[in-house]
Novice: 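Questions regarding the structure given below will be posed in turn.
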Amino acid sequence: MSRYFPQARWYATVAAAICLLGALGIGRVAAESAETSTLEDSAPGHFTEESSGTESSSSVESDMINDTTTPDQLGPVLPIIPDVDVEVEDVDLLTGLVPIPDGDDSAQSDQRPEPVISANDKDELDLDIPPSTPNDLGFGFYAGGRTKLDFQSEGNFDLDSRTDDGVTTIDPAVSLAISYMPNRYVLGYLSLELSREFDIDDDADRNDSANQLKLRRAYIQISELIDGTTLTLGRQKIRDRREWYIDDELDAVRLEFEKGPVSVEAVAGREEFADPDLLENDEVNRINTYILSGEYDLARSLRLAAFALFRDDRSGRKGRVGWLGLRARGRLDLGENKLNYWVDIATRQGRSRLKRVDGYGFDAGATFTADHRLDPHVTIAAAHGSGDSDRSDDRDTEFRQTGLEDNEYTFGGVTRFKYYGEVFDPDLRNIHIYTVGTGFRPTDNSSVDIVYHYYRQDKLSDRLVGSPIDLDPNSDPSMRSRSLGQEIDLIVGMRDITPNFDVDFTFGYFFPGDAFRLETSPGQFAGADGAYFAGLMVRYNF
């Protein structure tokens with residue numbers, strides 16, 4: 001077995017721990033089984049991966065409902081239970097169950113709820129999440145799957161049109177998932193993905209990829225062991241709403257508490273305790289990650305949050321660094337129009353190798369959506385990551401993000417995209433980013449967005465870290481500049497073209513600024529050329 005699945009011993013140990021916790025969770029409801037048997041006979045509901053845990057106001061959350069979600073978009077969450085009139089807020093988004101009104105015996109039926117499709121899945125779908133499990137196998141087991149095709153083409157990332165470095169790939173993948181929900185308090189979920197990337201056109205002569213069989217999720221979740229708490233153990237997705245400081249899969253223990261307007265989460269784990277590719281046994285990073293976050297929901301118009309994230313590299317290569325951050329977000333109703341806003345502020349502290357780390361960053365913006373059939377929206381945003389004016393001293397004042405972030409969200413459309421640019425896609429480090437975007441929804445299930453970015457260094461530097469662009473800035477000693485360039489992106493998303501069929505299309509073009517110069521001959525420099533990225537992703541759920 002270990003020959004074909006090198007991580008089998010590790011995952012077998014985790015599975016044993018999960019079984020033990022599952023037994024504890026089942027015991028939690030033994031005393032209540034007589035009172036709840038009628039409700040549980042109506043089926044515990046089907047599981048959607050992103051709906052693990054109830055939708056809370058925590059700063060690290062499952063992100064099922066965004067501030068623009070309407071009751072109509074929550075329709076698929078409601079199970080079919082005849083003659084029951086309930087509000088959307090009454091639906092248990094984890095189980096899919098609707099509370100039955102007192103004295104209404106007509107609702108005590110055998111009908112099972114429809115598959116839970118979260119508002120996130122319908123409104124701002126992340127096409128890379130594992131599949132839901134809508135198919136009832138009986139005995140508390142549910143299954144589901146997905147086929148996905150990801151086409152990407154990129155070119156001139158060295159900003160030199162004289163060389164051929166274009167890459168075009170197609171990445172088909174099949175994902176299978178199974179969930180187990182013996183009662184409303186215990187949920188187990190397992191997802192595997194088989195994929196391989198094929199090079200259609202590769203001027204960069206990269207090595208062909210091999211087959212990958214990845215363990216995407218494997219966890220058990222126990223709710224209400226103590227009132228208001230949820231415990232999740234195993235490989236799971238941890239994300240903040242805007243994916244600004246974390247959107248990653250961790251092998252972790254996660255404890256959530258929610259009571260009224262207050263929610264708190266604590267997470268401890270690693271990106272990988274073992275290689276998630278079951279066909280390989282590569283070296284994994286040894287960075288322990290700890291997160292403590294909380295949010296207070298003052299009102300729909302204002303939610304305040306704070307987080308602390310600490311990363312301890314046990315290999316000693318990256319040191320011990322922490323981030324402290326504050327967040328405010330909300331929605332203002334301006335007559336029939338609305339204004340969604342956000343503010344993220346963070347500081348980076350600790351020691352990295354031989355230097356003391358002390359940097360700061362922020363991201364703030366707002367999206368105005370007009371009351372119109374097409375939902376036209378306009379976004380203005382600004383982000384800043386501090387730089388380091390003196391790299392020779394013992395203090396590093398550059399801000400860097402955690403390395404767990406994705407920087408993806410929506411400005412009002414139906415799909416997420418890279419809000420710092422699809423091509424340049426920088427880490428928020430020694431940079432100013434100014435963004436203006438506009439878009440509309442031709443239909444309820446589709447959107448078109450056009451987004452413009454302007455990039456400028458905070459401190460003049462000849463380094464570019466965290467971006468896929470291959471050319472270093474300020475290599476021309478006679479012409480140094482902080483202007484990194486501009487980018488324009490087009491994002492098109494379509495949901496449920498046919499049932500369970502979704503499409504995303506993205507195109508971006510980066511225009512280099514004066515900081516990027518090409519050496520055409522020894523000592524002679526000229527302006528750099530632009531780079532582009534195009535992506536098409538389609539998926540079908542079954």
Side-chain angles (χ1 to χ4, degrees), residues 14 17-32 36 39-40 44-65 77 89-97 99 116 118-120 129-130 132-133 140 142 177 179-191 217-241 246-269 289-297 303 305-307 309:
V14 173
I18 286 175
C19 291
L20 177 60
L21 282 174
L24 292 174
I26 294 173
R28 163 69 173 82
V29 298
E32 304 176 20
T36 60
L39 184 57
E40 289 178 357
H46 308 280
F47 172 66
T48 299
E49 193 278 334
E50 285 299 307
S51 66
S52 59
T54 56
E55 201 282 341
S56 70
S57 58
S58 171
S59 58
V60 179
E61 56 193 316
S62 60
D63 198 26
M64 293 181 57
I65 301 176
V77 177
E89 290 78 4
D90 293 331
V91 181
D92 185 330
L93 294 176
L94 172 60
T95 64
L97 294 175
V116 173
S118 73
N120 178 59
I129 64 174
S132 59
T133 53
Y142 302 86
S179 62
Y180 176 59
M181 203 169 185
N183 53 62
R184 66 173 65 189
Y185 299 102
V186 178
L187 168 66
Y189 181 81
L190 174 70
S191 174
R217 306 284 192 281
Y219 62 83
I220 187 169
Q221 184 176 90
I222 303 171
S223 302
E224 302 299 327
L225 279 174
I226 302 174
D227 186 35
T229 64
T230 302
L231 175 66
T232 309
L233 173 66
R235 187 158 187 81
Q236 57 191 288
K237 167 79 85 173
I238 309 292
R239 81 193 299 178
D240 76 276
R241 177 171 291 271
I246 187 168
D247 175 40
D248 214 333
E249 296 157 346
L250 300 182
D251 294 327
V253 177
R254 178 182 186 182
L255 182 63
E256 305 166 76
F257 172 79
E258 182 176 7
K259 200 71 172 179
V262 177
S263 59
V264 180
E265 287 190 8
V267 178
T289 300
Y290 308 94
I291 306 169
L292 180 63
S293 65
E295 184 163 310
Y296 186 76
D297 191 355
R303 297 175 181 176
F307 75 88
L309 189 150

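Note that the numbering runs from 1 along the sequence shown for the chain. All values below come from the heavy atoms of this structure, side chains included, with hydrogens, waters and symmetry mates left out. Remember, predicted model here, so these are calculated numbers, not experimental data.
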Novice: Do I226 and F257 have side chains that approach each other closer than 4.5 Å (heavy atoms only, starting at C-beta)?
Specialist: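 Of all side-chain heavy-atom pairs linking F257 with I226, none is under 4.5 Å.
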Novice: Kindly give the heavy-atom pair with the smallest separation between Q236 and A252, and that separation in Å.
Specialist: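 Closest approach of Q236 to A252: NE2-O, 3.0 Å.
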Novice: Looking at I246 and I238, what are the two nearest heavy atoms and their distance?
Specialist: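 Taking every non-hydrogen atom into account, CG1-O, 3.5 Å.
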Novice: Where the side chain of E258 meets the backbone of V262, is there a donor-acceptor pair that is under 3.5 Å apart?
Specialist: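 The answer is no, because no donor-acceptor pair under 3.5 Å joins these two groups.
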Novice: Can you tell me which residue among I291, L309, T289 is in a side chain to side chain contact (heavy atoms under 4.5 Å, CB included) with V267?
Specialist: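 It is I291; the other options fail the test.
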Novice: Atom OH of Y180 and atom CG of L190: how far apart are they, to the nearest 0.5 Å?
Specialist: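 Y180 atom OH to L190 atom CG measures 14.5 Å (nearest 0.5 Å).
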Novice: Before giving the answer on side-chain contact (heavy atoms from CB on, under 4.5 Å), spell out for D227 and K259 the whole-Å C-alpha distance, their side-chain angles and the decisive distance to 0.1 Å.
Specialist: CA-CA 9 Å; D227 186 35; K259 200 71 172 179; 2.4 Å; yes
Novice: Which atom names give the shortest non-hydrogen contact between R239 and D247, and what distance separates them?
Specialist: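 Closest pair (atom of R239, atom of D247, distance): CB-OD1, 3.5 Å.
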Novice: Which heavy-atom pair separates K237 from R254 by the least distance, and what is that distance?
Specialist: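 Scanning both residues completely, I find the closest heavy atoms to be O-NH1, 3.4 Å.
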Novice: If you round to the nearest 0.5 Å, how far is OG of S263 from CZ of R303?
Specialist: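 The CZ atom of R303 sits 9.5 Å away from the OG atom of S263.
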Novice: Using the side chain to side chain donor-acceptor pair (under 3.5 Å) criterion, which residues pair with T232? Sequence neighbours excluded.
Specialist: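 Counting only residues at least two positions away or on another chain, T232 forms a side chain to side chain donor-acceptor pair (under 3.5 Å) with Q221.
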Novice: Dump the intermediate steps for side-chain contact (heavy atoms from CB on, under 4.5 Å) on I220 and L231, then the final yes or no.
Specialist: CA-CA 8 Å; I220 187 169; L231 175 66; over 6 Å; no
Novice: CG of L255 to CG of L292: how many Å apart, nearest 0.5 Å?
Specialist: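 If I round to the nearest 0.5 Å, the distance is 10.5 Å.
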Novice: Work out which heavy atom in R235 is nearest to a heavy atom in Y219; give both atom names and the distance.
Specialist: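 So the minimum-distance heavy-atom pair works out to O-CD2, 3.2 Å.
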